[in-house]
Amino acid sequence: MTHLAKLTFKTVDRSTKRDPIIARRDKLVAGLKEQKLVHAAALKKQDHRVERHKWMTNEQGERVMVKTHRRIRPWFFEQDSGWYVQCRYGARVIAADGTNNAVFVKSLDEVAAVLDAFLNAAAAGELDTAITRVAERQPRIKPGAAKAAANG
């Protein structure tokens with residue numbers, strides 16, 4: 001008890017809440033930084049792969065941690081004799097300007113400038129409303145359920 005008597009005790013609740021807007025913004029910025037690496041690999045005609053750890057069962061029936069490589073899908077693609085760049089939040093495409101979901105550029109080299117523009121806009125908070133709109137979960141309504149609710 002003599003060791004504890006020297007300490008100052010205090011009751012406190014730890015704040016674990018984080019602003020969801022800042023968390024979404026950070027997630028998008030991290031995704032855009034990764035897309036810059038994907039673009040650099042695409043210029044070299046390679047795939048960008050990330051190492052991940054996965055639990056698997058081996059021949060002896062033991063669970064072991066295995067290192068695997070996962071390919072990162074690019075947010076840009078070639079079409080109409082040019083390149084389209086989309087900004088994504090998870091699996092959903094963000095309509096950055098409110099209506100359109102992609103930016104068109106003539107060459108693969110110009111994709112880096114668009115990614116930089118998206119990155120700067122996301123870091124400045126300009127895409128917060130678009131991210132919030134995309135991040136909201138839509139209620140699942142079975143086909144015909146809306147008509148049945150309106151009629152009854």
Residue that, paired with D47, satisfies salt bridge (Lys or Arg N to Asp or Glu O under 4.0 Å) out of R73, R71, R70: R71

Note: D128-R25 ion pair, threshold 4.0 Å (strictly below): yes

Pair R92-N101, side-chain contact (heavy atoms from CB on, under 4.5 Å): steps then yes or no: CA-CA 10 Å; R92 298 182 179 133; N101 67 357; over 6 Å; no

Distance, nearest 0.5 Å, that separates CG of L28 from CD1 of I131: 4.5 Å

Distance, nearest 0.5 Å, that separates CE of M65 from NE2 of H53: 7.0 Å

T57 backbone acceptor or donor facing E62 side chain under 3.5 Å: no

Euclidean distance, H39 NE2 relative to W75 CH2, rounded to 0.5 Å: 14.5 Å

Over all atoms of both residues, closest heavy-atom pair of A130 and A95: CB-O, 3.9 Å

Any donor-acceptor pair under 3.5 Å from N100 side chain to A102 backbone: no

Euclidean distance, H48 NE2 relative to E34 CD, rounded to 0.5 Å: 5.0 Å

Path from V114 to I72 over hydrophobic side-chain contacts below 4.5 Å: yes

Co-membership, hydrophobic cluster, residues L115 and V50, 4.5 Å side-chain: yes

Stepwise side-chain contact (heavy atoms from CB on, under 4.5 Å) check, L119 with K36: CA-CA 10 Å; L119 184 64; K36 289 181 65 128; 4.2 Å; yes

W83 versus S107, closest heavy-atom pair with distance: CD1-C, 3.5 Å

Euclidean distance, Y89 OH relative to L127 CG, rounded to 0.5 Å: 12.5 Å

Test item: R88 and L32 side chains (from C-beta on) under 4.5 Å apart, heavy atoms: no

Closest contact, heavy atoms only, Q79 versus F104: O-CE1, 3.9 Å

Distance-minimising heavy-atom pair for A96 and F118: CB-CE2, 3.7 Å

Single-linkage hydrophobic cluster, 4.5 Å side-chain cutoff, V105 and L108 together: yes

Cluster check V93, F76: I/L/V/M/F/W/Y, side chain < 4.5 angstrom: no

Backbone of G82 reached by a side-chain donor or acceptor of D80 within 3.5 Å: no

Closest non-hydrogen atom pair, R63 against W55: NH2-CB, 3.3 Å

Gap between atom CZ of R52 and atom OG1 of T68 - 0.5 Å precision: 5.0 Å

Worked verdict on D19 versus R24 for salt bridge (charged side-chain N to carboxylate O under 4.0 Å, His left out): CA-CA 9 Å; D19 185 19; R24 288 183 192 127; over 6 Å; no

